[in-house]
Undergrad: 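If you scroll down you'll find the structure; I have some questions about it.
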2 protein chains.
Amino acid sequence: MAVTPDVVSPPGLTTRMSADARRAQLIEVGWELLQSRPIHELPLDDVASAAGISRTLLFHYFPTKADFYFAVVSTMGKRLLHPPRLPEGAGAPDRIRSLVDGFVRLVERNRLSYTALVRGAGGGDQRIVELIADTRDALVPRWLDAADCPDTSPLTRLIVRGWLVGMEETVLAWDPRSVSREALVDHLTASFLAELALAEGRT
Amino acid sequence: MAVTPDVVSPPGLTTRMSADARRAQLIEVGWELLQSRPIHELPLDDVASAAGISRTLLFHYFPTKADFYFAVVSTMGKRLLHPPRLPEGAGAPDRIRSLVDGFVRLVERNRLSYTALVRGAGGGDQRIVELIADTRDALVPRWLDAADCPDTSPLTRLIVRGWLVGMEETVLAWDPRSVSREALVDHLTASFLAELALAEGRT
DNA sequence: CCTGCTAATTGAGCATCTGTCAACAAACGC
DNA sequence: GCGTTTGTTGACAGATGCTCAATTAGCAGG
């Protein structure tokens, strides 16, 4: 009969939140769910019901699903990859070793989150692919600084970029039962220094 | 009126093909379309109409969209990455250099296809992620053989795996205007040999 | 305390896309 | 020719991204 929707939602169950708090909550809930399944297997209905709201409200805060996904990945990426501070006093090898060690520990503690962020990331989404590329680009000068090589050739920067991706793969594929963490960190440190010397010497 | 669907398809326009030919054609068409857009932006309607058939027929050959996607990626992956044959007579450095050079040329000629296959690949699809992982695993012993290192430690295999992924990233990010191909190939070759020596020496 | 405005929230509906089902028709054997 | 096999199809059902008008909770001012 009624063309107008007759709302029957129990009055006490709807909890009203501020816009910022709601946004933060939704990102949190999305992040929670995204660790166990990739984005294209996560209907927004699930996000909404997990957050205790209607799907429409989700669209109120994030105009499209891609926007929501980007917000989640971007936020959590910043939270996970907060810039590591370099140990000042030590020599270049120690600083590199510290960076390697930090990354290995990061992956050890947040393996699931990290893979969800980097591996499942994108799913073809252009913005997220760019986000990851930018993040990697920003990492290169940081490592070069740590190695006392502020000015470098394009080849060196290219090689370091590839090396970083290789390291990521190595650490993610690493099985602590067959290789100790110390051996891994030692080798990666030596590898980076050797790679850098090779690239710079060739310039 | 008629509950039974009254077919009005023009009799002459439906071209009937053998099952194998149809499968091959569909994979070909899908591959064509997948180079310009990721899988989740490609409706099966488009594939069907591009192939000149109804969407239903596509489901007859591939029970689900994921199956179709896997078939495309798997087929084209085999076609693109047909195992490179090693030059027999030369020494280890020459063989490695040949492998590196082959990969660089492969990417130069098929950059778009390669990125579509490896980068867009997955999109979260479990089977495709595993397919790529398996392909990389299979590559490691091939490169180790070329370097005359058939028996190696777990650390070495792990490092080589990471190095291969790093090389892929390097070549994909490579800009020929700032780094010549010869310099790239030279460096990657030297890098692999240095990395291998480092890993083996440490064992 | 009430009134009215702002903004958070929602149900209903639309469009698109995946996957199903029964029916039709083109080739092939007898 | 006739029946069987199977390539092929239109129509329908279910799920999901997204839109819109309506409803209501909170808050400021009288």
Side-chain angles (χ1 to χ4, degrees), chain A residues 1-27 29-30 33-34 37-72 123-125, chain B residues 1-27 29-30 33-34 37-72 123-125:
Chain A
M1 262 61 171
V3 178
T4 70
D6 44 340
V7 180
V8 258
S9 62
L13 291 187
T14 63
T15 51
R16 197 186 173 97
M17 294 176 63
S18 86
D20 285 355
R22 190 60 94 185
R23 268 188 80 96
Q25 180 215 9
L26 291 176
I27 288 179
V29 167
L33 296 177
L34 278 173
R37 38 189 162 158
I39 181 64
H40 67 279
E41 287 179 9
L42 177 65
L44 290 187
D45 291 290
D46 290 13
V47 180
S49 77
I53 62 171
S54 75
R55 197 176 63 258
T56 307
L57 189 55
L58 224 167
F59 281 103
H60 175 78
Y61 287 104
F62 305 95
T64 187
K65 182 176 183 180
D67 288 318
F68 174 64
Y69 185 49
F70 181 78
V72 171
D125 188 303
Chain B
M1 275 57 178
V3 179
T4 70
D6 44 341
V7 181
V8 257
S9 63
L13 291 187
T14 64
T15 51
R16 195 187 174 97
M17 294 176 64
S18 84
D20 287 354
R22 192 57 96 182
R23 268 187 80 95
Q25 181 217 7
L26 291 176
I27 288 179
V29 167
L33 296 176
L34 278 174
R37 38 187 164 162
I39 180 64
H40 67 279
E41 288 178 9
L42 177 64
L44 290 189
D45 291 287
D46 290 13
V47 179
S49 77
I53 62 172
S54 75
R55 197 178 64 256
T56 309
L57 189 56
L58 225 168
F59 281 103
H60 174 77
Y61 287 104
F62 305 95
T64 188
K65 183 177 184 178
D67 288 318
F68 175 64
Y69 185 49
F70 181 78
V72 172
D125 188 304

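Throughout, protein chains are lettered first and strands after them, A, B, ... in sequence-line order, and every chain is numbered starting at 1.
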Undergrad: Could you check whether S18(A) gets within reach of a base, just the sugar-phosphate, or nothing at all, counting any heavy atom under 4.0 Å?
TA: nothing
Undergrad: Quick one: F59(A) CZ to dG13(C) P, roughly how many Å, whole number?
TA: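 Interatomic distance, CZ of F59(A) to P of dG13(C): 18 Å.
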Undergrad: If I take atom CG from residue L58(B) and atom OG1 from residue T64(B), how far apart are they, to the nearest 0.5 angstrom?
TA: 11.0 Å
Undergrad: Check each of L33(B), I39(B), L34(B) against R37(B) using the side chain to side chain contact (heavy atoms under 4.5 Å, CB included) test, and report the only one that passes.
TA: L33(B)
Undergrad: Does any N or O donor sit under 3.5 Å from an N or O acceptor when you compare the side chain of R22(A) with the base of dA8(C)?
TA: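 Such a pair does not exist between side chain and base.
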Undergrad: Is any side-chain N or O of Y61(A) closer than 4.0 Å to OP1 or OP2 of dA8(C)?
TA: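 Checking Y61(A) against dA8(C): no side-chain N or O falls below 4.0 Å of OP1 or OP2.
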Undergrad: Counting only side-chain heavy atoms from C-beta out, which of dT16(D), dT18(C), dC18(D) sits nearest to D45(A)?
TA: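 Closest of the options to the side chain of D45(A): dT16(D).
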Undergrad: What is the distance, rounded to the nearest whole Å, between atom CZ of R16(A) and atom C1' of dG26(D)?
TA: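 One finds 6 Å between C1' of dG26(D) and CZ of R16(A), rounded.
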Undergrad: Specify the separation, in whole Å, of atom CZ of R55(A) and atom P of dT10(C).
TA: 12 Å
Undergrad: Nearest heavy-atom pair of R22(A) and Y61(A): which atoms, and what distance?
TA: CG-CE1, 3.3 Å
Undergrad: According to a strict under-4.0 Å criterion, is H60(B) in side-chain N/O contact with OP1 or OP2 of dT8(D)?
TA: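 Indeed not, no polar side-chain atom of H60(B) lies that close.
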Undergrad: Please state how far atom CG in L44(B) lies from atom C1' in dT20(C), giving the value in whole angstrom units.
TA: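 Going from L44(B) (CG) to dT20(C) (C1'), I get 14 Å.
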Undergrad: Rounded to the nearest Å, what distance is computed from the CD atom of residue E41(B) to the P atom of nucleotide dG17(D)?
TA: 15 Å
Undergrad: Hey, is the main chain of A21(A) close enough, under 3.5 Å, to the side chain of S18(A) for a donor-acceptor pair?
TA: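 Confirmed, S18(A) side chain pairs with A21(A) backbone.
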Undergrad: Which distance, rounded to the nearest 0.5 Å, do you find between the CZ of F68(B) and the CZ of F59(B)?
TA: 10.5 Å
Undergrad: Distance check needed: dA15(D) P versus L42(A) CG, whole Å only.
TA: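 It is 16 Å, rounded to the nearest whole Å.
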Undergrad: On the side chain of T56(B), is there an atom forming a donor-acceptor pair with the base of dG10(D) - under 3.5 Å, no angle test?
TA: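 Between dG10(D) and T56(B), which were checked side chain against base, a qualifying N/O pair under 3.5 Å is present.
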Undergrad: For a quick check of understanding: with a heavy-atom distance under 4.0 Å over all strands, which category does L57(A) fall into, base, sugar-phosphate or nothing?
TA: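 It contacts base atoms.
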Undergrad: In this structure, how many angstroms lie between the C1' atom of dT24(D) and the CE atom of M17(A), rounded?
TA: 18 Å
Undergrad: Rounded to the nearest Å, what distance is computed from the CG atom of residue D46(A) to the C1' atom of nucleotide dT16(D)?
TA: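 Rounded to the whole Å, the gap is 11 Å.
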